[in-house]
Participant: 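What follows is a structure written as structure tokens; I'll ask about it next.
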Amino acid sequence: MLILIWAELVKFKRSPILRLMGALLLVHFFWHFSLARSQVTSWPVFLNATYMDLWLRPALFTCLAAYVVCRDRQYHALGSFLSTPHTRSGWYLAKLTVAAIMITILLSVSFIIDLVLGWFFMELPLTPSILQDSLIEFTMNLLFYWALVPIGAWIGLFLRSFITSVLLGLTIIFVNLVWGAFLLEPPFHWLFLLNPWILPHLLSYAPQNLPSVEMWRPGIAILLSWWFVFASVGGFMFQKRDVGSGE
């Protein structure tokens with residue numbers, strides 16, 4: 001398995017995804033640098049990357065997972081892994097793992113940037129309790145975004161095109177904006193739980209977002225259900241269909 005994961009990671013060399021991730025980190029750096037120099041009221045407010053979790057990260061991570069499973073067709077390299085002694089299920093699991101690794105790297109670097117900027121430029125001290133709460137929130141956020149990986153992989157298998165997947169990612173950004181603007185109040189607030197791309201934003205900062213509504217347990221259950229369904233369906237599609245021919 002480690003060989004397959006390494007093989008998938010090497011494919012990111014000179015990948016446009018790496019440049020996109022670098023650009024996202026720059027945006028994150030300058031945004032939080034400006035926050036650190038302003039009159040931020042608390043560390044939780046400073047570390048709350050709402051604009052990332054609501055707009056950019058769900059679309060990027062979905063496109064990332066879609067790119068990992070459909071780039072072999074894009075670069076006409078499908079035969080390179082079909083000719084190996086490894087099973088398709090092994091390759092599929094390796095692709096999902098690599099997507100999760102890239103997500104972990106991006107979120108970890110963003111989190112470290114926040115801590116360093118806050119340490120040097122904020123007047124508020126970083127206490128052990130604040131650091132502990134921030135690490136817990138970071139871990140939850142990471143797990144929520146890992147749950148999006150099988151969904152993005154299924155999208156890549158279904159659409160068979162990275163460009164189309166990017167267009168869908170842009171659509172996700174628009175949908176989340178509309179969803180957040182018009183469906184926040186009762187009785188439509190429960191529809192949040194059906195949107196896997198907005199759940200990381202909603203549940204990571206509970207109960208700040210919807211303090212009067214108990215959505216934590218059903219939200220986690222639905223997110224895990226999405227993960228299981230799309231991981232199973234995507235794995236079946238990857239094994240049974242010729243992912244490079246378009247049939």
Side-chain angles (χ1 to χ4, degrees), residues 5 8-9 11-12 15-21 24 52-78 81 88-107 141-180 191-202 219 222-247:
I5 293 174
E8 290 295 328
L9 285 172
K11 294 178 184 179
F12 276 97
S15 169
I17 290 293
L18 291 183
R19 293 191 288 270
L20 181 59
M21 291 175 63
L24 198 65
M52 286 286 187
D53 292 320
L54 185 59
W55 305 332
L56 301 180
R57 285 175 179 168
L60 174 64
F61 295 156
T62 300
C63 293
L64 172 63
Y67 171 77
V68 169
V69 298
C70 68
R71 62 182 171 183
D72 295 301
R73 178 175 182 265
Q74 177 182 352
Y75 295 112
H76 306 287
L78 181 66
F81 74 80
R88 286 197 177 195
S89 59
W91 277 108
Y92 180 69
L93 182 59
K95 288 177 180 293
L96 297 186
T97 303
V98 166
I101 290 174
M102 301 303 291
I103 290 173
T104 303
I105 292 174
L106 183 60
L107 291 181
N141 214 8
L142 182 62
L143 294 175
F144 294 149
Y145 281 122
W146 280 356
L148 295 182
V149 169
I151 301 176
W154 177 83
I155 290 173
L157 289 170
F158 182 77
L159 298 179
R160 303 176 181 270
S161 170
F162 176 61
I163 300 299
T164 308
S165 300
V166 170
L167 295 177
L168 180 61
L170 296 176
T171 304
I172 291 172
I173 295 176
F174 175 77
V175 169
N176 279 357
L177 289 174
V178 175
W179 208 299
L191 293 176
F192 270 113
L193 300 182
L194 301 179
N195 184 346
W197 293 282
I198 209 170
L199 277 173
H201 162 69
L202 176 66
I222 291 177
L223 193 61
L224 289 176
S225 299
W226 283 128
W227 183 91
F228 178 77
V229 169
F230 283 99
S232 302
V233 174
F236 178 82
M237 291 175 61
F238 195 84
Q239 292 187 64
K240 299 300 181 180
R241 299 177 61 182
D242 187 348
V243 296
S245 66
E247 297 178 0

Participant: Begin from the C-alpha positions of Ile5 and Ile101 and carry the test side chain to side chain contact (heavy atoms under 4.5 Å, CB included) through to its verdict.
Facilitator: CA-CA 10 Å; Ile5 293 174; Ile101 290 174; 4.0 Å; yes

Participant: Between Leu106 and Leu60, does a side chain to side chain contact (heavy atoms under 4.5 Å, CB included) hold up when you go through it step by step?
Facilitator: CA-CA 11 Å; Leu106 183 60; Leu60 174 64; 3.6 Å; yes

Participant: For Trp227 and Ala147, work out which heavy atoms get closest and say how close.
Facilitator: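 In this case the closest contact between Trp227 and Ala147 is CD1-CA, 3.5 Å.
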
Participant: Where do Leu157 and Val69 come nearest, in terms of heavy atoms and distance?
Facilitator: N-CG2, 4.0 Å

Participant: Please find the pair of heavy atoms, one from Met21 and one from Met102, that lie closest to each other, and give the distance.
Facilitator: CE-O, 3.6 Å

Participant: Passes side chain to side chain contact (heavy atoms under 4.5 Å, CB included), Phe228 versus Leu224? Steps please.
Facilitator: CA-CA 6 Å; Phe228 178 77; Leu224 289 176; over 6 Å; no

Participant: Quick one: closest heavy-atom pair of Lys95 and Phe238, and the distance?
Facilitator: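 In terms of heavy atoms, the two residues are closest at CE-CZ, 3.8 Å.
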
Participant: Please lay out, stage by stage, how Trp146 and Thr104 fare under the test side chain to side chain contact (heavy atoms under 4.5 Å, CB included).
Facilitator: CA-CA 8 Å; Trp146 280 356; Thr104 303; 3.1 Å; yes

Participant: Find the distance between OG1 (Thr97) and OH (Tyr92) and round it off to the nearest 0.5 Å.
Facilitator: 10.5 Å

Participant: Looking at Ala153 and Ala65, what are the two nearest heavy atoms and their distance?
Facilitator: N-CB, 3.6 Å

Participant: Closest approach of Ala99 and Val149, non-hydrogen atoms and distance?
Facilitator: CB-CG1, 3.8 Å

Participant: Can you say whether the rings of Phe230 and Trp154 are parallel (under 30°), tilted (30 to 60°) or perpendicular (over 60°)?
Facilitator: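 Taking Trp154 first and then Phe230, their aromatic rings stand perpendicular (interplane angle over 60°).
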
Participant: Please tell me if the side chains of Leu64 and Tyr145 come closer than 4.5 Å, counting only heavy atoms from C-beta onward.
Facilitator: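 Contact flag for Leu64/Tyr145 side chains = no.
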
